[in-house]
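First listed ligand is number 1; within each ligand, the first listed atom is number 1. Counting from 1, the numbers follow the sequence of the chain as shown. Scope of the values below: all heavy atoms of this structure, side chains included, with no hydrogens, waters or symmetry mates.
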Amino acid sequence: MKFPGRRKLKHYFPVSQPKPILPSIDVQPDKDTYIVGLDETIVDVVANVSDEFLSQFSIHKGLSNLVDTDTASAIYRELAAQGCISDHFAGGTIGNTIHNYSVLADDKSVLLGVMSANITLGSPAYHYICHTSSKVDMNHLQGVSGDIGRGITLITPDGERTFAIAPGDMDELNAEHIPENIIAGSAALVTCAYPLRHQGKPIKQAMLTALEHAHQHQVPTVLTLGTKHLVEENKDELLDLIKRHVNVLAMNELEAEALTGLSDPLQAADQILEYVDIVLLTAGPDGMYLCGYTDDTVKRETTNPIKSGRLADFNRWEFSRPMLRSACQNPIKVFSHIDPYMGGPEKIRNTNGAGDGALSALLHDISANHFHKDSLPNSSKHAAPFLAYSSFAQICKYSNRVSYEILVQNAPRLSRGLPEREDSLEEAYWER
Ligand SMILES: Nc1ncnc2c1ncn2[C@@H]1O[C@H](COP(=O)(O)OP(=O)(O)OP(=O)(O)O)[C@@H](O)[C@H]1O
Ligand SMILES: Nc1nc2c(ncn2[C@@H]2O[C@H](CO)[C@@H](O)[C@H]2O)c(=O)[nH]1
């Protein structure tokens with residue numbers, strides 16, 4: 001397990017202070033630290049198109065649109081005819097998140113979902129496996145006779161990404177295929193709201209079963225909202241699911257507004273904290289918010305400049321570490337915000353996966369805490385039952401840095417981890 005590291009506020013990078021030494025003799029190698037992700041298995045077919053192309057096929061810009069096989073084939077034919085397909089990547093919002101987690105933590109994650117039982121060269125399943133980290137354990141996938149999903153990812157000239165999803169067999173995951181013991185031993189279970197839009201498909205029950213197992217075994221549950229119209233269309237069901245089963249909720253500002261009716265991210269996060277323990281809210285060029293709870297007795301005041309928005313002095317306690325609300329005797333709400341790292345890349349060609357990247361950093365911090373607690377249960381770091389290894393402010397910096405990396409790489413999955421120390425930072429920073 002690689003640790004998330006410390007980052008200076010100025011650049012949000014790791015600094016050179018010595019890292020805590022972890023015990024080497026008493027680490028039990030057979031005691032894995034891992035997270036579990038449940039997803040619709042999707043391969044992204046990436047193409048650059050005009051805004052008119054989206055209108056031609058009645059595709060809503062910026063959203064994830066479900067399309068039938070005929071429409072997907074027609075779009076694909078048109079893209080091939082125009083010669084604008086630029087790549088095939090493994091995708092799926094949770095597939096991306098756990099791949100990135102495994103790259104950042106240099107450690108194992110387990111993917112639950114379906115996979116074509118017979119994989120031929122060049123098929124969607126083939127591309128999925130080729131582009132997934134070898135640290136993602138795929139031994140618990142359920143075999144299906146058909147194809148996994150295809151997510152035609154249409155990038156418009158402004159860098160915005162829009163999906164046309166042809167589901168294939170991606171929603172055929174059965175509840176009987178969910179391994180309770182694997183979930184029970186994990187540091188967190190992460191899944192997304194997308195299965196809710198496939199009423200009548202087995203994946204929805206599989207997801208609920210996985211969440212119930214996690215809940216039963218006190219494994220933190222993490223849900224990402226996916227896309228705005230999914231939230232609008234399934235709001236009541238989603239809220240019910242969130243209140244019953246979810247500890248950490250991740251979303252962008254549009255999804256937060258769809259859920260709460262509040263366009264101000266801080267106010268939306270404040271309301272969502274009535275249902276969950278941690279909110280990760282990304283807001284594109286406005287950066288991101290990480291909000292949650294800590295106990296009044298262990299709260300820590302920030303030394304960063306105090307910020308005010310719709311909530312006054314909202315980041316005052318951002319140096320505190322997250323806790324479950326139910327683990328606090330006197331819970332207080334904590335809010336942290338960060339602007340995009342270095343103002344964001346100079347040119348953004350494609351924003352696909354920036355939010356997934358932020359979530360993978362938060363998961364890394366949660367699992368590092370789990371690992372540290374297993375290894376050194378008497379450490380002062382565990383004087384209270386914290387949910388994460390670092391403070392809200394520190395996790396914000398880490399998540400933001402990972403989002404930046406996704407944006408500059410122009411791909412939703414990290415091809416390498418972050419450097420421990422970025423020595424050339426000063427030159428790179430001032431040269432711009
Ligand atoms: N235009 C931008 N300029 C600077 N930074 C950006 C921009 N867009 C995104 N970012 C960075 O990436 C993070 C996540 O972006 P965003 O809110 O767009 O995620 P998202 O909509 O959930 O993306 P996805 O669903 O594709 O993963 C932001 O918090 C910010 O740090
Ligand atoms: N699981 C799932 N992922 C999706 C869907 N639509 C888009 N995505 C993924 O979202 C990722 C970006 O966040 C892309 O890599 C897409 O594959 C969907 O309907 N289900």
Side-chain angles (χ1 to χ4, degrees), residues 12 37-46 62-67 87-100 111 113-114 124 127-128 131 148-155 158-168 170-171 173 190-198 201 203 207 224-230 250-256 265 280-290 337-362 396-408 411-413:
Y12 328 133
L38 185 153
D39 199 11
E40 300 169 319
T41 343
I42 293 182
V43 69
D44 290 347
V45 178
V46 187
L63 304 182
S64 171
N65 301 258
L66 270 184
V67 293
D87 243 316
H88 291 88
F89 286 119
T93 184
I94 300 304
N96 293 344
T97 305
I98 64 167
H99 164 96
N100 289 339
L111 179 64
V114 301
H127 282 290
Y128 192 92
H131 289 104
I148 60 171
R150 272 184 303 160
I152 305 176
T153 310
L154 303 161
I155 313 290
D158 54 0
E160 180 64 277
R161 91 289 180 266
T162 303
F163 300 103
I165 305 285
M170 72 181 189
D171 297 308
L173 179 67
V190 55
T191 188
C192 59
Y194 282 119
L196 289 188
R197 69 173 167 178
H198 301 279
K201 287 285 181 185
I203 193 165
M207 178 179 83
T224 174
L225 287 183
T227 190
K228 186 180 95 167
H229 60 197
L230 168 72
M251 72 211 82
N252 66 21
E253 76 284 22
L254 299 176
E255 294 146 17
L280 173 66
L281 199 162
T282 60
D286 294 329
M288 66 180 68
Y289 296 81
L290 185 70
H337 166 260
I338 198 155
D339 287 313
Y341 171 67
M342 298 217 290
E346 265 168 301
K347 172 143 179 57
I348 298 178
R349 281 189 288 160
N350 172 0
T351 60
N352 192 16
D356 300 341
L359 182 57
S360 59
L362 169 59
C396 246
K397 285 188 263 171
Y398 186 30
S399 290
N400 209 33
R401 174 67 184 86
V402 174
S403 290
Y404 178 88
E405 193 67 19
I406 301 280
L407 294 175
V408 287
R413 292 190 172 203

Any heavy atom of Met251 closer to ligand 1 than 4.0 angstrom? no
Note: heavy atom closest to atom 23 (O) of ligand 1, options Pro265, Ala358, Gly355, belongs to Gly355
Got the closest protein heavy atom to atom 12 (O) of ligand 1, with its distance? Ser403 CB, 3.4 Å
Residues Ile98, Ser360; criterion side-chain contact (heavy atoms from CB on, under 4.5 Å); working and verdict: CA-CA 7 Å; Ile98 64 167; Ser360 59; over 6 Å; no
Tell me: protein heavy atom nearest atom 11 (C) of ligand 2, and distance? Asn96 ND2, 3.5 Å
Element-labelled atoms of ligand 2 that are located less than 4.0 Å from some non-hydrogen atom of Ile165: 5 (C), 6 (N), 7 (C), 19 (O)
Side chain to side chain contact (heavy atoms under 4.5 Å, CB included) involving Pro124 - partner list, sequence neighbours excluded: Val43, Asp147, Ile148, Arg150
Flag the pair Val190 / Leu359 as yes when at least one side-chain heavy-atom distance between them is below 4.5 Å, and no otherwise. yes
When you look at Ile155 and Glu160, which way does the side-chain contact (heavy atoms from CB on, under 4.5 Å) test go after all the steps? CA-CA 6 Å; Ile155 313 290; Glu160 180 64 277; over 6 Å; no
Just to confirm my output: which protein heavy-atom neighbour is closest to atom 20 (N) of ligand 2, and how far is it? Glu40 OE1, 2.6 Å
For Ser64, the atoms of ligand 2 under 4.0 Å from one of its heavy atoms are 5 (C), 6 (N), 7 (C), 19 (O)
Check each atom of ligand 2 against the heavy atoms of Asp39 and keep those under 4.0 Å away; list them by number with element. 1 (N), 2 (C)
With rounding to the nearest 0.5 Å, note down the distance linking CG in Asp44 to CG in Asn352. 6.0 Å
Nearest 0.5 Å, what's the OH-NE2 distance between Tyr128 and His88? 15.5 Å
Between Asn100, Thr93, Thr282, Thr224, which is the residue that forms a side-chain hydrogen bond (donor to acceptor under 3.5 Å, both in side chains) with Asp356? Thr93
Applying a strict 4.0 Å limit to heavy atoms, is Arg197 in contact with ligand 2? yes
Measure from atom 17 (O) of ligand 1 to every heavy atom in Ser64, Gly353, Ala354, Gly284 and give the option owning the shortest one. Gly284
Between Met288 and Leu281, is a side-chain contact (heavy atoms from CB on, under 4.5 Å) present by the stated rule, with each step listed? CA-CA 6 Å; Met288 66 180 68; Leu281 199 162; over 6 Å; no
Heavy atom of the protein closest to atom 3 (N) of ligand 1 (residue, atom name, distance): Ile348 CD1, 3.6 Å
For atom 15 (O) of ligand 2, what's the nearest protein heavy-atom neighbour? Residue, atom name and distance, please. Asp44 OD2, 2.6 Å
For ligand 1, is any non-hydrogen atom under 4.0 Å from Asp356's backbone (N, CA, C, O), its side chain (CB onward), both, or neither? both
At under 4.0 Å between heavy atoms, is it the side chain or the backbone of Thr227 that contacts ligand 2, or both, or neither? neither
Looking only at protein heavy atoms, identify the closest one to atom 4 (C) of ligand 2 and say how far it is in Å. Tyr194 CE1, 3.5 Å
Can you measure from OG (Ser399) to CG (Leu280) and round to the nearest 0.5 angstrom? 5.5 Å
What is the closest protein heavy atom to atom 25 (O) of ligand 1, and at what distance does it sit? Arg161 NH2, 2.9 Å
Please work out whether any backbone atom (N, CA, C, O) or any side-chain heavy atom from C-beta onward of Asn352 is under 4.0 Å from ligand 2, and answer side chain, backbone, both or neither. side chain
Could you pull out the closest heavy-atom pair between Pro345 and Leu407, with the gap in Å? CG-CB, 3.6 Å
Between atom CD1 of Ile338 and atom NZ of Lys397, what is the distance when rounded to the nearest 0.5 Å? 6.5 Å
Using the ring of each side chain (for Trp, its six-membered ring), is His131 parallel, tilted or perpendicular to Phe89, with breaks at 30° and 60°? perpendicular
Give the atoms of ligand 1, by number and element, whose distance to some non-hydrogen atom of Gly344 is under 4.0 Å. 4 (C)
Tell me whether ligand 2 is touched by Gly91 - counting only heavy atoms on the residue side and a distance under 4.0 Å. yes
So, taking the atom named CD1 in Ile165 and the one named CG in Leu66, what distance separates them when rounded to the nearest 0.5 Å? 7.0 Å
Could you state the interatomic distance from CD1 (Ile94) to CG (Leu111), rounded to the nearest 0.5 Å? 10.0 Å
Enumerated ligand 2 atoms positioned under 4.0 Å from heavy atoms of Asp356: 11 (C), 12 (C), 13 (O)
Quick one: nearest non-hydrogen protein atom to atom 31 (O) of ligand 1, plus distance? Asn400 OD1, 2.8 Å
Please classify the Leu407 to ligand 1 contact at 4.0 Å (heavy-atom distances, strictly less than): side chain, backbone, both or neither. side chain
Under a 4.0 angstrom heavy-atom cut-off, which atoms of ligand 2 come close to Ile42? 2 (C), 3 (N), 4 (C), 5 (C), 17 (O), 18 (C), 20 (N)
Among His229, Lys228, Arg197, which one satisfies side-chain hydrogen bond (donor to acceptor under 3.5 Å, both in side chains) with Ser64? Arg197
From the candidates Pro285, Gly343, Gly287, Pro340, the one that places a heavy atom nearest atom 29 (O) of ligand 1: Gly287
If you take all heavy atoms of Ala256 and Met251, which pair is closest and at what distance? CB-SD, 3.6 Å
Residue portion contacting ligand 1 (non-hydrogen atoms closer than 4.0 Å) for Thr282: both
Options Thr93, Thr41, Thr97, Asn65, ranked by nearest heavy atom to atom 3 (N) of ligand 2, top entry: Thr93
Residue, atom name and distance, where the atom is the protein heavy atom closest to atom 21 (O) of ligand 1: Asn252 ND2, 3.0 Å
Quick note on ligand 1: atoms under 4.0 Å from a heavy atom of Met288 include exactly 29 (O), 31 (O)
